[in-house]
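Comments concern the structure below.
Just so we're on the same page: letters track the sequence lines, and every chain starts at 1.
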2 protein chains.
Amino acid sequence: MVTIDDVAKRAGLSKSTVSRVINDYPHVSIKKKEKVFEAMKELGYVPNSSARSLRNKKTQMIAVLVPRIMNPFFGQLAESMEIQAAKHGYQLLICQTMYSKETELKHLELLKMRQVDGMILTSIENEWDVVKEYLSYGPMILCNEFEEEATIPTVKFDQIHGGYVATKHLIRQGHKKIAYCTGGQKSNVGQHRRRGFNLALQEYHLSFDERYGFYDAFSIEDGIRIFKHIHQMPDPPTAVFTGSDEVAAGIITGAKEYGVSVPEALAVIGFDNQVITKLMDPKISTVEQPIPFLAKRAVEVMVDRISHKGNDQEVYEYPLELIIRESTVSPIRAVE
Amino acid sequence: MVTIDDVAKRAGLSKSTVSRVINDYPHVSIKKKEKVFEAMKELGYVPNSSARSLRNKKTQMIAVLVPRIMNPFFGQLAESMEIQAAKHGYQLLICQTMYSKETELKHLELLKMRQVDGMILTSIENEWDVVKEYLSYGPMILCNEFEEEATIPTVKFDQIHGGYVATKHLIRQGHKKIAYCTGGQKSNVGQHRRRGFNLALQEYHLSFDERYGFYDAFSIEDGIRIFKHIHQMPDPPTAVFTGSDEVAAGIITGAKEYGVSVPEALAVIGFDNQVITKLMDPKISTVEQPIPFLAKRAVEVMVDRISHKGNDQEVYEYPLELIIRESTVSPIRAVE
DNA sequence: GTCATTTTTGAAACCGATTTCAAAAAGTCT
DNA sequence: AGACTTTTTGAAATCGGTTTCAAAAATGAC
């Protein structure tokens with residue numbers, strides 16, 4: 001392996017000087033600088049990153065904790081962050097918690113071991129009290145997920161408004177019996193969406209029938225299962241608010257199978273604006289989350305925190321946008 | 001920051017002994033061992049990974065190069081590999097080339113910098129002559145993608161057979177005019193599929209009409225576009241072989257829009273067996289690639305190579321399986 | 001109890017970079 | 001030319017671990 005000493009010897013200089021050239025420090029004569037460059041090129045020298053990290057106490061790596069990258073939302077988030085991190089000279093270490101507390105804790109140890117300079121949490125499996133202990137080992141920020149009590153920078157979407165506009169849209173299409181169908185009941189993201197949902201119901205003086213609440217909906221299969229359940233209810237809902245496009249797609253698939261027309265007999269709204277929304281027939285109305293903006297800001301905030309800039313309490317919130325397609329609006333009915 | 005010296009001082013021992021305890025070396029008396037554990041616990045000590053990497057010349061990290069994680073095939077591959085790597089005590093650094101030569105080269109430098117112990121390539125953007133130069137810096141293996149001239153371990157699917165069975169299936173449904181619709185023309189994966197495609201045509205003494213060849217199909221949108229093109233041809237094909245489920249879905253979506261019935265007027269077969277195949281109407285016939293097996297073996301081979309085990313020339317090939325659904329077989333027609 | 005052998009322990013070197021500090025070289029000004 | 005700055009350079013310390021090697025302690029054999 002070629003080390004800085006080899007380069008120094010080849011150039012007939014000390015390694016201090018070579019190091020200065022590598023890091024573009026001043027006070028190196030042009031002649032010697034050229035000699036060093038020549039030696040580096042001849043030997044094909046590249047600095048050893050472990051040695052650099054040890055001495056600099058910086059690894060130029062940021063970890064991002066996501067449940068799974070195959071989840072389209074988190075996959076896109078991770079992808080956008082990687083691109084952004086590269087622009088700032090950082091590697092992104094994508095860590096999947098697989099919805100497991102233990103795996104999450106294992107990944108949090110990366111901060112203790114100083115394997116990463118900072119950590120971006122996009123979801124939280126453990127209690128906040130457990131997670132916050134790791135704050136003493138390095139900067140952490142929240143992105144997408146959030147915690148009321150957390151005193152760390154947070155970059156999030158306005159989920160309350162997202163839940164609100166989606167529900168309001170359903171109500172304005174004439175629906176009064178609206179089902180609520182979502183995944184993580186413990187996540188604050190989900191709770192805020194629910195708050196927006198309730199807000200809209202209140203505004204129109206509607207009440208929520210608890211029989212219409214489903215809190216275990218994550219996948220397409222869950223959507224199909226829930227449709228079947230709804231279908232055989234004595235007084236079924238006429239519209240469904242879902243927490244993800246996949247679940248919405250599942251419900252529509254189920255409806256199709258049972259000959260229930262969407263949106264006429266059952267309106268369905270998704271969340272995320274994934275590709276699938278444009279592929280299903282009918283195309284799925286949804287709430288778009290502008291993921292790249294979130295990712296960009298999260299990385300920027302993280303990079304600032306690593307260099308001790310910025311404020312612990314900063315909170316950035318991005319708006320969500322309702323996208324009306326076919327699964328909530330009958331073509332013959334007037335579009336709002 | 002708590003270091004090994006702090007632990008040593010606290011336990012009233014030398015850091016050599018502490019190191020021995022950490023690494024579970026023999027020749028440490030039980031008494032001292034307990035003292036060390038106690039001190040580590042009290043101080044909340046965790047070894048610094050940069051320091052370890054520097055001394056051990058091992059980072060316990062494996063890089064995997066994928067085009068994009070949002071591509072369902074590569075996303076699943078990366079996810080499976082991550083799980084597998086964790087079992088062997090390795091971190092997986094997922095690197096997206098974004099189909100760019102420069103980005104790929106930038107990631108290859110990780111091996112030079114010794115930031116990773118090895119590299120798994122799932123696709124190759126640069127010429128092999130360029131990539132192979134990096135072999136001298138650390139172990140590299142191919143997974144999914146392959147190179148005839150490469151003398152490194154390879155884990156792949158039998159793409160020739162995959163192309164063959166899919167095409168044969170279409171032919172046996174009575175199709176004679178079959179379009180070929182794929183993405184990377186330079187990838188060896190694609191070339192092998194094509195070889196299988198040709199093999200099936202030959203077997204049934206059919207010839208290929210070059211007007212039916214499309215080599216720029218990656219996404220759903222591409223599929224829609226290609227359908228439109230096919231649709232206005234004077235003598236259109238009656239079946240389409242595609243290189244991905246997304247493209248197949250696009251073609252079906254386009255067909256639906258123009259009132260062309262699938263599979264009656266146009267049979268479509270996908271590749272990968274992604275979720276979408278079960279969601280489209282009609283459900284998409286496809287070729288399944290058992291990704292987790294590939295991922296598992298790739299990581300195992302990589303781990304062996306890092307510890308200088310195994311053979312450079314080893315090639316592992318996994319079979320592909322045809323899955324017949326609705327997009328190639330009319331329900332009224334007999335199923336083969 | 002002595003000597004040989006084995007087990008346990010710690011001082012010091014090492015991994016490959018960066019940084020400090022002081023010395024050497026070069027430049028400036030009487 | 002000599003005194004005083006300023007720029008350039010290298011020796012040595014440092015980061016936090018692991019490993020080598022020799023010494024110390026414990027054990028065993030007689």
Side-chain angles (χ1 to χ4, degrees), chain A residues 1-37 39-40 43-61 89 109-117 137-138, chain B residues 1-37 39-40 43-61 89 109-117 137-138:
Chain A
M1 195 195 166
V2 184
T3 73
I4 197 170
D5 284 296
D6 300 326
V7 177
K9 204 172 287 175
R10 179 89 170 209
L13 293 161
S14 75
K15 57 180 182 169
S16 321
T17 303
V18 177
S19 176
R20 285 190 191 99
V21 173
I22 292 169
N23 296 288
D24 200 26
Y25 282 171
H27 305 311
V28 179
S29 67
I30 301 171
K31 256 189 175 169
K32 314 244 156 139
K33 205 180 253 184
E34 275 167 0
K35 262 192 186 167
V36 171
F37 278 129
M40 289 204 297
L43 297 173
Y45 170 77
V46 172
N48 178 302
S49 60
S50 301
R52 282 193 129 166
S53 299
L54 175 59
R55 179 64 225 221
N56 293 338
K57 292 174 177 292
K58 286 272 138 58
T59 58
Q60 297 298 112
M61 283 235 268
E109 292 287 315
L110 290 172
L111 209 53
K112 254 193 190 171
M113 302 189 303
R114 312 281 157 162
Q115 191 162 130
V116 296
D117 295 340
Y137 302 108
Chain B
M1 194 192 169
V2 183
T3 73
I4 197 170
D5 284 297
D6 300 326
V7 176
K9 202 173 288 175
R10 179 89 170 209
L13 293 161
S14 74
K15 57 179 184 168
S16 323
T17 304
V18 176
S19 176
R20 283 188 193 102
V21 173
I22 292 168
N23 296 288
D24 199 28
Y25 281 171
H27 305 311
V28 178
S29 67
I30 301 170
K31 255 189 176 170
K32 315 244 156 143
K33 203 179 254 185
E34 275 167 1
K35 262 192 187 168
V36 171
F37 278 129
M40 290 205 296
L43 298 173
Y45 170 76
V46 173
N48 178 302
S49 60
S50 301
R52 283 191 130 166
S53 299
L54 175 58
R55 179 65 223 222
N56 293 339
K57 291 171 176 293
K58 287 272 139 60
T59 59
Q60 298 298 112
M61 282 234 271
E109 291 288 313
L110 290 173
L111 209 53
K112 254 194 190 172
M113 303 189 302
R114 311 281 156 161
Q115 189 161 131
V116 296
D117 295 339
Y137 302 108

Q: Please report the closest heavy-atom contact between A:K15 and A:D5, naming both atoms and the distance.
A: CD-OD1, 3.3 Å

Q: Kindly say if A:N23 contacts the phosphate of C:dT18, meaning a side-chain N or O under 4.0 Å from OP1 or OP2.
A: yes

Q. Can a side chain N or O of A:S16 be found less than 4.0 Å away from OP1 or OP2 on D:dG10?
A. no

Q) Is any N or O donor-acceptor pair between the side chain of A:S53 and the base of C:dA17 shorter than 3.5 Å? A) no

Q) Taking only side-chain nitrogens and oxygens of B:T17, does any of them come within less than 4.0 Å of OP1 or OP2 of C:dG10? A) yes

Q: Hey, could you give me the CG/CD1 distance between B:N48 and B:I4, rounded to the nearest 0.5 Å?
A: 11.0 Å

Q) Which heavy-atom pair separates B:I22 from B:M40 by the least distance, and what is that distance? A) CG1-SD, 3.9 Å

Q: Kindly give the heavy-atom pair with the smallest separation between A:K33 and A:D24, and that separation in Å.
A: NZ-OD1, 4.1 Å

Q) If you round to the nearest 0.5 Å, how far is NZ of B:K112 from OG of A:S49? A) 13.5 Å

Q. What is the distance from CG of A:N48 to P of C:dT18, rounded to the nearest Å?
A. 10 Å

Q) Between A:L13 and B:S50, who's closer to the 5' end of DNA chain D by nearest nucleotide? A) A:L13

Q) Mapping A:Y45 and B:K32 to their closest nucleotides on DNA chain C, which lands nearer the 5' end? A) B:K32

Q: Give me the one residue out of B:V21, B:V18, B:V7 that meets side-chain contact (heavy atoms from CB on, under 4.5 Å) with B:F37.
A: B:V21

Q. Does B:Y25 have a side-chain nitrogen or oxygen under 4.0 Å from the phosphate oxygens OP1 or OP2 of C:dT9?
A. no

Q.
Rounded to whole Å, please give me the gap between CG in B:N56 and C1' in C:dG16.
A. 14 Å

Q.
So A:R114 and A:T59, do their side chains get closer than 4.5 Å, heavy atoms only?
A. no

Q: Report the distance from atom CG of A:L54 to atom CZ of B:R52, rounding to the nearest 0.5 Å.
A: 13.5 Å

Q. Rounded to whole angstroms, how far apart are NZ on A:K15 and C1' on C:dT19?
A. 11 Å

**Q.** Protein-nucleotide distance (B:H27, atom NE2; D:dA23, atom P), rounded to Å
**A.** 19 Å

Q. Is A:S49 side chain donor-acceptor paired with the C:dA17 base, going by distance under 3.5 Å alone?
A. no

Q. With sugar-phosphate meaning primed atoms plus P, OP1 and OP2, does A:S29 contact a base, only sugar-phosphate, or nothing at under 4.0 Å between heavy atoms?
A. sugar-phosphate

Q: Taking only the side-chain nitrogens and oxygens of B:K58, find out if one of them lies under 4.0 Å from OP1 or OP2 of D:dT18.
A: no

(Q) Can you measure A:M1 atom CE to C:dC15 atom C1' for me and round it to whole angstrom units? (A) 10 Å

Q. Between A:R20 (CZ) and C:dT19 (P), how many Å, whole number?
A. 10 Å

**Q.** Rounded distance (Å) that lies between atom C1' of D:dT19 and atom CG of B:L54
**A.** 13 Å

Q | Proximity to DNA chain C (any heavy atom under 4.0 Å), residues of residues 2-10 of chain B only | A | none

Q) Has A:R55 got a side-chain N or O lying under 4.0 Å from the OP1 or OP2 atom of C:dG16? A) no

Q: Round to a whole Å and report the spacing from CG of A:D24 to P of C:dT19.
A: 13 Å

